[in-house]
Amino acid sequence: MKLVDSHCHLDDEQFDADREETIARARAAGVDTMMAIGTGDGPPDLEVAVRLAERYPFIHATIGVHPHYSAKAAEETFVRLHELANHPKVQAIGEIGLDYHYDFSPRDVQRAVFERQLALAAEAGKPVVIHTREAWEDTLATLRSHWQGGGIMHCFTGDERQAREALDLGFHLAFGGVLTFPKAEEVRQAARITPADRLLVETDCPYLAPVPRRGKRNEPAFLVETVRRLAEVRGVAPEQIAEQTTGNFERLCLRAWASNG
Ligand SMILES: [Zn+2]
Ligand SMILES: [Zn+2]
């Protein structure tokens, strides 16, 4: 079984002591490919994922300013993001979006930085990775008016109605550890109705470890637990989930990569 973890924070300090081993365990578990998310602790360092992707052929990178850190974005941030968008290992812009749960940055600043990064992604011709929390309506409204490309609703934890709204916009839905939580029946229903060609899996490690690792530090190797549960929910074999989600990731994020041979 070959899997892609479409969203992991391998730069996180929780991996400082055993990053090499964590990556080796992922590969041993069948997690062949990882997309390292480049938001880190926010500007000015925009290259936390690029540095990893430069060291490992099977790690890809995103760049972007997380909504939490929108207030740290300065003019030179966007200049640097423009330059980095052309890096050969940068496959997507993200995670970007709106987070009204924590409100670490003022909402008008979050919206402005989100819109600017959507414009940047459109210019670069790259998909976007969307983070949205307690901001569903505003996120969708922004995407409807400012985005026409592909993308990923990362850590999708919405219900069936929200899933359909995102799917109608052309988005892929990435399911993570929450899918395995006992109370997450609505999320499982959303996973049931997602077309096979729009399905992705992720860990969002070090956060949100799936059952039976819930509450512990998450890591890409644990993706296997989410894939097992997703297979049960959809009534197919885990190998089929692996094949579908890997193919979807390659088509969405590695198009240029693939066509370059
Ligand atoms: Zn997120
Ligand atoms: Zn994340």
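In each ligand, atom 1 is the first atom listed, and ligand 1 is the first ligand listed. No experiment lies behind these values; they were computed from the predicted model shown. We count residues from 1, following the sequence as given.
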**Study point:** Salt-bridge criterion met for Asp197 and Arg251 (N-O under 4.0 Å)
**Key:** no

Check your understanding: Under 3.5 Å, is there a donor-acceptor pair between the side chain of Thr180 and the main chain of Val211?
Key -> yes

Review point. Taking the Zn ion (ligand 1) as the vertex, what is the angle from ND1 of His131 to NE2 of His154, given to 10 degrees?
Key: 130°

Check your understanding: Would you call Glu232 and Arg228 a salt bridge, taking side-chain N to carboxylate O under 4.0 Å as the test?
Key -> no

Point to revise | the Zn ion (ligand 2) to nearest N/O/S of Cys155 less than 2.8 Å | key: no

Practice item. Assess the side chains of His9 and Gln14: does a donor N or O sit below 3.5 Å from an acceptor N or O? Key: no

**Study point:** Atom of Asp204 closest to the Zn ion (ligand 2), considering N, O or S atoms
**Key:** OD1

Exercise for review: Could you tell me whether any N, O or S atom belonging to His7 is less than 2.8 Å from the Zn ion (ligand 2)?
Suggested key: yes

Practice item. Please tell me if the side chains of His131 and Ile96 come closer than 4.5 Å, counting only heavy atoms from C-beta onward. Key: no

**Study point:** Name of whichever N/O/S atom of Glu95 is nearest to the Zn ion (ligand 2)
**Key:** OE2

